[in-house]
Amino acid sequence: MEPGDYDHRAVEAAARALWESYDIYRYDPGGPDEPAAARPTFSVDTPPPYVSAAHLHVGHAMSYSQPDFIVRYRRMRGERVFYPIGFDDNGLPTERYVEQAYGVRAVDLPRAEFVALCLAETQRTAARYEDLWRRLGLSLDWSLRYSTIDARCQRTAQASFVRLHETGYVRRAAEPILWCPEDRTSLAQADVEDLERTSRLYTIRFGEGLVIATTRPELLPACVALYHHPADSRYAGLRADARALVPLFDYEVPVLADEDVDPEYGTGLMMVCTFGDSEDVLRWRRDHLALRLVVEPDGRLGELAGEFAGLTVSQGRSAIVKALEGAGRLAGSVPVRQVVGVHERCQIPVEFQIRPQWFVAVRENADRFRARAAELEWIPPFMRRRLEDWIDGLKWDWNITRQRRYGVPFPVWFCSSCDAPVLARPQDLPVDPLTDAPPVTACPSCGSAEFTGDPDVMDTWMTSSLTPQINDGWALGGTDPALAPMSMRVQAFEIIRTWLFYSVVQSELLFGRLPWRTALISGWGLSEQGKKLSKRDLDRSTGPDGYNRYVPDDVMGKYGADALRLWATRGRIGTDLKYNEKDIRTGRKFAVKLWNVGRFLTLNRGEFSPSRTDFVPPGERDIVDRWVLSHLAETVVEATVAFEGHDYHQAHQAASRMFWSIYCDRYIEMIKDRVGDGALPDGTDLEYPNRESRDSARWTLWESYRVLLGLFAPFAPFVTEHMYQRFYRDHENVVSLHLTRWPAADPAWAAPAERVAVDQLAVILDATRALRSGLHLGNSARLSQLILQARDAQAEALLARIAEPLRIAARAGAVVRGPAAHPSGVDGITVGVVA
RNA sequence: GGGCGCAUAGCUCAGCGGAAGAGCACUCGCCUUACAAGCGAGAAGCCGGUGGUUCGAACCCACCUGCGCCCACCA
């Protein structure tokens with residue numbers, strides 16, 4: 001075969017076709033006669049990406065590549081790799097994506113029609129994501145692919161719900177809940193994030209000496225009490241049963257004292273509404289205040305707002321301010337910086353509603369989750385704090401109810417007469433209570449025969465937090481003990497409070513243990529300016545300076561998948577990494593270089609074949625060959641140690657240093673006169689090599705290149721596979737490099753004395769190259785003489801040993817001992833060259 | 001207000017107790033039979049600041065400063 005220029009498209013397509021036709025990443029559960037200890041299982045819990053945008057970005061490519069480095073290493077260590085993948089294609093993120101893509105609103109469509117639309121669109125998008133992951137070379141077992149809306153996941157989620165209900169960890173209660181008026185659904189604490197904005201702080205006169213400050217005057221009709229600090233002298237004269245009249249709405253509310261009121265803020269007098277924020281909820285509960293819900297589920301003011309009913313929250317705010325002004329009740333207003341809780345998916349401020357919801361008891365079990373957080377191995381370790389802090393700050397139980405359509409239904413029917421819930425039987429799951437009949441014909445509580453299916457669906461995290469169980473078969477016939485707990489959870493840091501936390505919750509409440517031994521937490525790929533990349537930005541921005549330059553498909557098309565993957569090696573695990581196209585180009589250089597070394601091998605191996613019987617044992621090889629093997633042995637150890645600590649970055653650094661500065665820049669240059677057939681292209685006879693020395697170089701080149709392919713296989717799986725196929729597959733009889741074993745250093749490669757001597761030879765060789773440069777000579781131009789001078793006996797002893805290999809490495813006709821003017825870099829030795 | 005992380009060459013990042021590193025960019029020289037998307041040589045850093053611990057600190061400790069993230073506040 002005549003190797004042309006490196007073409008990553010052809011190389012990657014061929015490697016992919018090979019992997020797919022042999023299905024090399026398929027999980028091998030082993031047979032009954034194989035002891036598990038002989039081949040341990042390495043199982044990985046991978047994040048199912050939300051199907052919530054047309055494209056993923058290079059940051060996703062980074063955080064999925066990093067675990068793949070580790071997985072590929074473990075596979076080469078001979079472990080049985082279980083590496084599943086799925087797509088999280090239901091729930092709010094997906095619904096929002098479909099709503100935007102098709103310009104529809106879920107509330108305006110018949111449920112079945114909307115769900116069908118979601119299913120079709122998410123299948124299309126998931127196929128695109130799958131293709132991307134395949135192109136990126138993630139060594140996933142696609143036969144294990146799941147989608148969180150499929151029957152297996154629905155069964156698992158519903159089974160968990162039934163079990164948690166039976167064991168008392170799930171309860172149904174009508175409590176104040178976080179509510180998104182935009183998406184018209186309840187939310188969990190984890191779905192809410194902070195948004196800093198400027199708003200106005202209005203001061204409103206309730207009565208003589210009773211002036212409150214609020215940013216939410218539209219909640220005036222929801223006001224149920226006023227509060228001041230007990231030590232605030234301004235309000236010291238108030239009686240314990242003081243009451244105030246709410247302006248415009250003309251009803252009385254109590255005026256109460258509370259230590260937590262900040263006398264410095266506003267007027268020191270605050271109004272509590274049901275509900276403006278979570279503080280209101282606390283006081284309402286504690287002090288048994290009245291309930292006046294004024295914001296409706298659609299974000300408009302309700303009947304209690306009187307003439308303002310029907311207005312949106314912001315319309316209502318202006319209108320009420322105007323009315324207060326007209327009534328002489330507005331004392332003033334000032335702009336104020338404010339942080340509000342918004343729904344993370346739509347950035348609309350959350351409101352509160354009261355309606356019956358299913359809650360998982362996370363607060364009362366917080367200590368158990370905290371203990372599991374401590375038990376888990378975290379990489380990097382500081383990520384543990386993010387979970388601990390979240391657990392410590394839990395204020396609400398996990399509301400798993402969503403008033404949406406495209407999700408896993410609750411396997412529950414309610415008795416139409418007494419409202420008692422009836423749950424599905426585990427063997428019947430999955431069920432859809434809106435179309436399936438309940439498992440009983442009469443209500444166990446009241447005997448009624450009328451039931452209504454629960455119309456709500458589960459929080460999508462309720463399903464995705466069960467990925468370990470979805471994969472280990474728990475709800476489908478029994479947990480596979482080889483897969484539980486799993487070896488490693490991999491994910492990025494921003495979903496510690498959601499996916500990771502909820503997974504710990506499920507595993508602890510269902511089984512009383514951790515779902516995995518180790519959590520590997522990656523950082524983010526950021527833009528050149530260090531800004532967060534977002535899937536949604538990719539969809540709406542095109543052009544040369546647009547976000548589409550972060551689309552991994554385009555990057556891989558231009559530079560290759562190996563190049564994109566190699567970018568992901570550049571940072572430590574858990575740290576963010578700025579993206580730059582230049583760095584991808586650098587990654588491509590490796591693939592090109594490895595390719596070209598292959599070409600060198602082809603051009604120089606002559607008649608060599610590893611099946612020949614003239615093997616030269618390492619101990620009998622040329623000093624320079626022993627040197628490179630010694631370095632290689634050290635590199636193998638370094639990379640192995642690094643990988644054992646999950647440190648792909650150090651492993652890659654070690655391999656890279658070896659490949660570039662020892663192997664390519666020095667070793668290959670040093671053997672050029674020795675590895676060939678003994679004549680220059682112009683026919684000049686080199687009188688060298690002798691056959692032993694040439695075979696020594698050829699064996700060494702052959703073996704060392706193979707080791708390098710192994711060391712780089714986890715990082716650049718395509719080009720390494722290609723070179724393996726070209727040179728080694730026929731001799732090793734293993735179909736893919738990625739099914740071969742991780743390189744081991746042959747003890748016979750250790751050569752401490754040769755190593756030291758040739759390290760110094762290399763230093764002197766560098767000096768001769770600098771001299772060449774001064775004479776305007778390239779490295780392949782032959783020198784007639786290499787002049788060496790030793791200052792003392794020690795230097796002389798070294799020269800005696802390396803003079804001849806140095807002559808060959810320097811491509812000089814002869815070595816001459818004599819006066820030499822230039823420092824060689826080695827103490828006591830000077831050097832000169834003659835063209 | 002609290003927590004976590006980061007701060008090293010122009011840029012992106014390693015190093016985390018024993019003489020400051022890599023890649024990119026830059027300067028100079030080479031179209032060299034593996035590779036010009038290449039090779040060789042070179043320049044480039046008070047390792048954010050101030051104190052401490054130590055024989056020795058980029059590295060450990062304390063306090064600052066700046067940036068990022070999370071939490072609390074949200075009247």
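Since the structure is predicted, the reported quantities are computational estimates derived from the model, not experimental observations.
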Would you sort out whether A:Leu564 and A:Tyr559 count as a side-chain contact (heavy atoms from CB on, under 4.5 Å), showing the intermediate values?
CA-CA 7 Å; A:Leu564 181 54; A:Tyr559 300 106; over 6 Å; no

What orientation do A:Tyr502 and A:Trp461 show, parallel under 30°, tilted 30 to 60°, or perpendicular over 60°?
tilted

Kindly say whether the aromatic ring centers of A:Tyr235 and A:His228 come within a distance under 6.0 Å.
yes

Please determine, for the side chain of A:Val261, which listed nucleotide (B:A75, B:C73, B:C35) has the closest atom?
B:A75

Nearest-Å distance for atom pair CZ/P, residues A:Arg588 and B:C35:
16 Å

So does A:Arg657 pair up with A:Glu638, basic N to acidic O under 4.0 Å?
yes

So which nucleotide does B:G1 pair with, by the Watson-Crick or G-U wobble rule with both distances under 3.5 Å?
B:C71

What's A:Arg216 touching, base or sugar-phosphate or nothing? Going by heavy atoms closer than 4.0 Å.
nothing

State which of B:C39, B:A72, B:G38 makes the closest approach to the side chain of A:Asp665.
B:C39

From the set B:C39, B:A25, B:A34, return the single nucleotide nearest to any side-chain atom of A:Lys582.
B:A25

side-chain hydrogen bond (donor to acceptor under 3.5 Å, both in side chains) assessment of A:Lys578 paired with A:Ser527:
CA-CA 6 Å; A:Lys578 287 182 193 162; A:Ser527 75; over 6 Å; no

Consider the side chain of A:Trp660, meaning its heavy atoms from C-beta on, and name the nucleotide among B:C39, B:C73, B:A75 that approaches it most closely.
B:C39

Quick check on RNA chain B: between A:Arg585 and A:Gly268, whose nearest nucleotide comes earlier from the 5' end?
A:Arg585

Strictly by modelled atom types, are A:Tyr648 and A:Gln66 linked by a side-chain donor-acceptor pair under 3.5 Å?
yes

Would you please confirm or rule out a distance under 4.0 Å between OP1 or OP2 of B:G38 and any side-chain N or O of A:Lys593?
no

Can a salt bridge be assigned to the pair A:Arg769 and A:Glu669 using a cut-off of 4.0 Å between side-chain N and carboxylate O?
no

To the side chain of A:Lys589, which of B:G38, B:C39, B:A34 is closest?
B:G38

B:A9 and B:G21, which share atom name C1', separated by this distance in whole Å:
10 Å

Pick base, sugar-phosphate or nothing for A:Cys273, based on heavy-atom distances below 4.0 Å to the nucleic acid.
nothing

By the 4.0 Å heavy-atom rule, please label A:Lys531 as base, sugar-phosphate, or nothing.
nothing

Find which nucleotide of RNA chain B each of A:Val336 and A:Tyr559 is nearest to by heavy atoms, and output the residue with the more 5' nucleotide.
A:Tyr559

Given that both distances must come in under 3.5 Å, which nucleotide forms a Watson-Crick or G-U wobble pair with B:C26?
B:G42

Taking any heavy-atom pair under 4.0 Å as a contact, classify A:Ser656: base, sugar-phosphate, or nothing.
nothing

Using the C1' atom in both, what is the distance from B:G17 to B:U53, to the nearest Å?
12 Å

Please confirm whether the shortest side-chain N or O distance from A:Thr215 to OP1 or OP2 of B:A75 is below 4.0 Å.
yes

Can a side chain N or O of A:Arg385 be found less than 4.0 Å away from OP1 or OP2 on B:C4?
yes

According to the Watson-Crick and G-U wobble definitions, with both distances under 3.5 Å, which nucleotide is paired to B:A34?
none

Which nucleotides of nucleotides 5-17 of chain B have their base under 4.0 Å from a protein heavy atom (B), which only their sugar-phosphate (S), and which neither (-), written as one string 5' to 3'?
SS-----SSSSB-

A:Arg570/A:Asp583 ion pair, N-O < 4.0 Å
yes

Could you give the CG-to-P distance, from A:Asp262 to B:G1, as a whole number of Å?
13 Å

Pick the P atom in B:A43 and in B:G23, then give their distance to the nearest Å.
15 Å

